[in-house]
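The next block holds one structure in the form of structure tokens; read it before the comments.
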Amino acid sequence: MAYGDCRLVLLPFEGTTSYLTGTAGGPAAVVPHLVPASFPSSVTVGGGGTTPGAFLAETARVVRELTLAGEKAAAVGGEHTVTYGVVRGLVEAGVRPTVIQLDAHADLRPEYEGTPWSHACVMRRIIDDFGLPTLAAGIRSLSAEEADFIGESGRPIIFAHQLRAGFGSPGSRLDTPGDDVYLTVDIDFLDPSVMPGTGTPEPGGLGWYAGLSLIDRLLAGRNLVGFDLVEFCPPVESAVTTRAVVRLIEYLLPSLAAGRIPVAATPGGSGAGG
Amino acid sequence: MVFARVYSARGHEERHPGPDGPDSILTASAYVELYDEETDRQAADRGMHTLAEPILVPPGDEASGALLLVPLYRHGGLPVILGGSRSVSAAAMAASLDHDPSVDLLLLAGSFPVEGAAVPAALGGRSVRVAGLKSPPAEPPPGFSLLAPARELVEHPVRDPWETLGRHIHLSIHPDFFEPAVLPGPGNREPGGIDWWTALALVRALLRSRRLVGLDLSGHLPDPGLVHADFTLAKFLYRIVGYALERNPFLGEA
């Protein structure tokens with residue numbers, strides 16, 4: 001498989017994680033285990049210690065330029081906040097995908113611990129600032145206020161308990177609001193027994209094969225324009241989780257390689273509102 | 001609801017659970033949501049208090065320890081007791097019995113406490129019903145009766161394992177009730193435990209038509225490399241509290 005138009009985008013940012021820290025070390029832990037011969041070239045954005053605004057602006061610039069050059073981003077975080085920068089880069093290049101979120105947490109808070117740039121707010125920021133369609137799956141942790149927002153906004157969401165009960169026909173394609181899709185994977189969507197190395201683990205996640213099957217159902221027949229894996233926290237656990245994250249990246253790359261940047265991609269695409 | 005950390009000064013297990021277990025659960029609980037998307041209910045948004053200071057119970061004298069816990073039951077509240085050694089369960093059960101003599105005592109555990117001999121002495125002859133044993137013996141130790149082993153809970157989820165229990169319950173939970181993959185730790189190495197979703201379904205079924213008088217979770221040995229065990233137990237407690245409030249919505253006001 002050739003990944004010539006895929007680019008690994010490393011996003012070692014951590015500025016707002018709530019409890020256990022170390023997600024900035026995620027990319028450095030993963031990269032040595034990737035097989036170089038089969039892997040796309042990489043670009044690293046910034047470094048630790050910058051503000052969310054500066055880091056996200058730089059991430060957006062990098063992704064916008066990649067996209068306009070016809071390349072597709074396979075991003076590795078970092079905390080979940082980095083997804084905002086990648087999506088902003090796509091939007092600025094004129095690409096407006098449906099954002100599919102695999103996650104244990106809804107991440108729909110308007111702000112958390114005094115900042116709207118918290119990893120607990122990233123999907124709310126993407127919805128409010130870019131107006132993109134979204135689909136969240138695997139969710140099993142949210143506040144009552146986030147539940148109210150989901151009810152009022154009508155945003156589609158598939159909870160973990162619904163997946164466990166067999167959501168839809170087994171193996172069937174799941175509906176999404178559009179066919180150009182961006183996939184953001186918070187590794188805590190899988191069960192902590194599969195992905196223990198994350199900062200805010202939640203019991204009741206999917207097993208490995210159930211997780212891959214869910215990805216298959218979401219991506220079937222759709223155009224993957226980019227993806228990210230975020231919230232790997234090596235200090236919590238790295239032996240099992242590093243290998244699992246690498247395998248997940250390798251699993252997604254063929255779908256990304258088969259995807260195409262929509263022809264409508266033009267510089268200076270609209271940011272806010274959609 | 002009153003969350004209390006209860007320690008015995010000395011446990012009887014190979015590693016002595018002390019302050020680390022309750023403290024790790026309380027720390028994780030700060031990052032666990034009270035909202036339950038499955039029931040569309042908040043576990044509680046008022047009336048939850050955590051005692052600032054731990055309660056120290058005398059080791060090997062759970063009956064005396066129970067007297068220290070009795071004040072937690074005042075005003076109709078639900079005490080949520082975080083031990084400490086697994087022997088704290090005996091003190092918590094005795095305190096619930098003191099508060100409500102009609103209470104049935106239910107222990108969810110993968111094994112009998114090593115210090116199990118202390119339990120009957122503290123409970124004045126009242127039997128403890130045990131569910132979730134991974135390797136159940138032919139005859140339980142004195143003071144215990146077997147309700148359902150782990151294998152039955154896992155393989156026969158349709159059957160109601162709680163049908164012989166009364167309307168008022170004290171629920172004791174030991175972490176080895178769970179499968180080690182779900183709840184890893186140095187105190188939980190035996191395979192054959194209960195998975196997350198089955199555990200939720202079992203407790204929700206238990207509390208659907210019963211009043212929870214007291215709740216304790218004792219014997220957690222945290223491992224810094226396996227923090228998801230702390231999160232799992234914190235979330236399990238919140239879910240249990242939520243199920244209890246489905247039955248008795250006024251608990252949160254106590």
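Residue numbering restarts at 1 for every chain, and letters A, B, ... go by the order of the sequence lines.
For a residue to count as touching a neighbouring chain, one of its non-hydrogen atoms must lie under 4.5 Å from one of that chain's; by this rule A/I150 does not touch chain B. Neither the backbone nor the side chain of A/A106 comes within less than 4.5 Å of any heavy atom in chain B. Within the 4.5 angstrom heavy-atom criterion, no atom of A/Q162 approaches chain B. Looking at B/D36, neither its backbone nor its side chain comes within 4.5 Å of chain A, counting heavy atoms on both sides. In this structure, the portion of A/E202 lying under 4.5 Å from any heavy atom of chain B is its side chain and not its backbone.
Residues B/L200 and B/F236 form a side-chain contact, since some pair of their non-hydrogen atoms from C-beta on lies under 4.5 Å apart.
Side-chain polar atoms of B/H174 and B/S218 form no donor-acceptor pair below 3.5 angstrom.
Your options are A/G199, A/P196, A/S143, A/P235, and the one with the most heavy-atom pairs under 4.5 Å with chain B is A/S143. The residue among A/S193, A/G204, A/A160 with the most heavy atom pairs within less than 4.5 Å of chain B is A/G204.
For the pair B/L183 and B/A229, the tightest heavy-atom approach, listed with the atom from each and the gap, is CD1-O, 3.5 Å.
Salt-bridge check for A/D107 with A/R124: failed, with every basic side-chain N at 4.0 Å or more from each acidic carboxylate O. Salt bridge B/E37/B/R239: present, at least one basic N to carboxylate O contact under 4.0 Å. In this structure, B/E246 pairs ionically with B/R204, as a charged nitrogen and a carboxylate oxygen lie closer than 4.0 Å.
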